[in-house]
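In what follows, a single structure is set out as structure tokens and then discussed.
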Amino acid sequence: MSKVLAKKFYGQNTLSTAKKLLGKFLVRRIGRRKISGTITEVEAYIGPKDKASHASRGRTKRTEVMFGESGHWYVYLIYGMHYCLNIVTEKKNYPAAILIRGVKTKTKEIRGPGRVCKYFWINKSFNAAAADRKIGLWIENSGVKIKNRDIQRGKRIGVDYAGKWKNKLWRFYLVRK
DNA sequence: AGATTGATCCAT
DNA sequence: TGGATCAATCTG
């Protein structure tokens, strides 16, 4: 049995998928080395009307991947400096994705989407690729059971421009003990 | 609080 | 084709 999450894991409701991603392993293989960590914080961007989502401006060269197949990576450069890693969710032609904002490794906790990409050596070359072993970046089942009471939710970060959409409680993170 | 940095998008 | 914007992070 493969521990790699299959496309169908991502093809359903984005909010429940976001919660289910907490506690899963993000894995990056570079040659014979592996970098991995538990996903601790995520943020959902859902549908064509979500003003906080890049997809709210419609299909463009950049956002096309959000309208595409679930289980593919959406990677973009923000502020000319930082990459952000998202996994596409829902059905084809319905734009949605989950931003990975935080990861915990054996030795350290990485908070912030730009830091996650830096730590995992992720750049735009992964954009639009399927999340699997072939490209060296995927998500695995960890076997860790996350309870609802271990999940916090809050407003999304950095989207104050998004009108009423800025108040959606679409950020989920693990309780820090 | 201010600087950084460049891809993206749309109209000024 | 120019310029404002931006799902962030760093230093102070």
Side-chain angles (χ1 to χ4, degrees), chain A residues 5 10-24 26 28 35 37-91 93-105 107-131 137-139 151-174 176:
Chain A
L5 298 186
Y10 306 101
Q12 316 294 324
N13 177 277
T14 303
L15 290 181
S16 52
T17 305
K19 281 183 268 192
K20 283 193 277 186
L21 274 182
L22 294 175
K24 299 288 192 289
L26 177 65
R28 170 89 165 94
I35 305 170
T38 303
I39 296 173
T40 56
E41 181 176 353
V42 295
E43 227 169 52
Y45 291 83
I46 309 172
K49 301 211 174 99
D50 177 4
K51 282 280 184 290
S53 170
H54 295 158
S56 66
R57 290 182 183 273
R59 286 177 186 259
T60 67
K61 193 173 178 187
R62 178 172 70 158
T63 62
E64 188 60 32
V65 61
M66 288 188 73
F67 290 81
E69 298 266 356
S70 64
H72 288 233
W73 296 116
Y74 169 41
V75 183
Y76 62 90
L77 183 69
I78 190 66
Y79 299 112
M81 308 166 81
H82 310 291
Y83 292 103
C84 291
L85 177 67
N86 304 249
I87 188 81
V88 174
T89 56
E90 309 259 0
K91 297 202 183 329
N93 296 318
Y94 185 82
I98 298 165
L99 172 66
I100 297 177
R101 295 193 56 93
V103 167
K104 190 174 185 176
T105 72
T107 55
K108 62 185 337 190
E109 178 145 14
I110 296 114
R111 288 203 218 170
R115 292 183 188 134
V116 168
C117 285
K118 188 178 175 195
Y119 186 83
F120 282 82
W121 289 60
I122 293 162
N123 59 32
K124 261 188 84 171
S125 69
F126 295 95
N127 186 49
L137 182 63
W138 67 92
I139 301 174
I151 299 177
Q152 308 236 19
R153 71 188 292 180
K155 293 180 185 179
R156 294 176 292 179
I157 305 292
V159 295
D160 286 349
Y161 57 85
K164 67 174 185 181
W165 298 91
K166 79 179 181 195
N167 295 319
K168 298 283 184 190
L169 301 175
W170 287 355
R171 181 166 64 100
F172 301 93
Y173 51 101
L174 291 177
R176 293 186 257 274

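None of these values were measured; they are calculated from a predicted model. These values consider heavy atoms only, across backbone and side chains, with no hydrogens, waters or symmetry-generated copies. Note on naming: letters A, B, ... go to the chains in the order of the sequence lines (proteins, then strands), and numbering restarts at 1 for each one.
Of the listed nucleotides (C/dA7, B/dG6, B/dC9), B/dG6 has the atom at the smallest distance from the side chain of A/Leu77.
One atom, NE2 of A/His54, and another, P of B/dC10, lie 12 Å apart when rounded to the nearest Å. One atom, CZ of A/Arg156, and another, P of C/dC6, lie 14 Å apart when rounded to the nearest Å. The OH-P distance, from A/Tyr83 to B/dG6, rounds to 10 Å in whole Å. Here the P atom of nucleotide B/dT4 and the CD1 atom of A/Ile78 are 18 Å apart, to the nearest Å. A/Leu85 has its CG atom 14 Å from the P atom of C/dA8, to the nearest Å. Going from atom NZ of A/Lys51 over to atom P of C/dC6 covers 13 Å, rounded to whole Å. If you take CD1 of A/Ile100 and P of C/dA7, they are 17 Å apart, rounded to a whole angstrom. Protein atom OH of A/Tyr161 is 12 Å distant from nucleotide atom C1' of C/dA8, rounded to whole Å.
Figure legend: cation-pi geometry between A/Arg28 and A/Tyr119 absent, as NZ or CZ is not positioned both under 6.0 Å from the six-membered ring centre and within 45° of its axis.
Dense packing is recorded around CD of A/Glu109, with more than 12 heavy atoms of other residues, nucleotides or ligands lying under 6.0 Å away. Around atom CZ of A/Arg57, no more than 12 heavy atoms belonging to other residues, nucleotides or ligands sit under 6.0 Å away.
Looking at A/Tyr76, its side chain comes within 3.5 Å of the base of C/dA7 through a donor and an acceptor atom.
A salt bridge between A/Glu43 and A/Arg101 is present, with a side-chain N of the basic residue lying under 4.0 Å from a carboxylate O of the acidic one.
Between A/Arg62 and B/dC9, a side-chain N or O to OP1/OP2 separation shorter than 4.0 Å is present.
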Below 3.5 Å is the cut-off: list the nitrogen or oxygen pairs between protein and nucleotides 9-12 of chain C, distance only.
| unit_1 | atom_1 | unit_2 | atom_2 | d |
| --- | --- | --- | --- | --- |
| C/dT9 | OP1 | A/Gly112 | O | 3.3 |
| C/dT9 | OP1 | A/Pro113 | N | 3.1 |
| C/dT9 | OP1 | A/Gly114 | N | 2.6 |
| C/dT9 | OP1 | A/Arg115 | N | 2.9 |
| C/dT9 | O4' | A/His82 | NE2 | 3.1 |
| C/dC10 | OP2 | A/Arg115 | NE | 2.9 |
| C/dC10 | OP2 | A/Arg115 | NH2 | 2.4 |

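Within the 4.5 Å cutoff, no side-chain heavy atoms of A/Val88 are placed close to those of A/Tyr10. The closest side-chain heavy-atom distance from A/Phe126 to A/Leu85 is not below 4.5 Å.
Comparing A/Tyr79 and A/Lys124 by the nucleotide of DNA chain B that holds the closest heavy atom to each, the one mapping nearer the 5' end is A/Tyr79.
Panel note: side chain A/Arg171, backbone A/Lys155; a donor-acceptor pair is recorded below 3.5 Å.
The partner of C/dA4 is B/dT8, by the rule that a Watson-Crick or G-U pair needs both atom distances under 3.5 Å.
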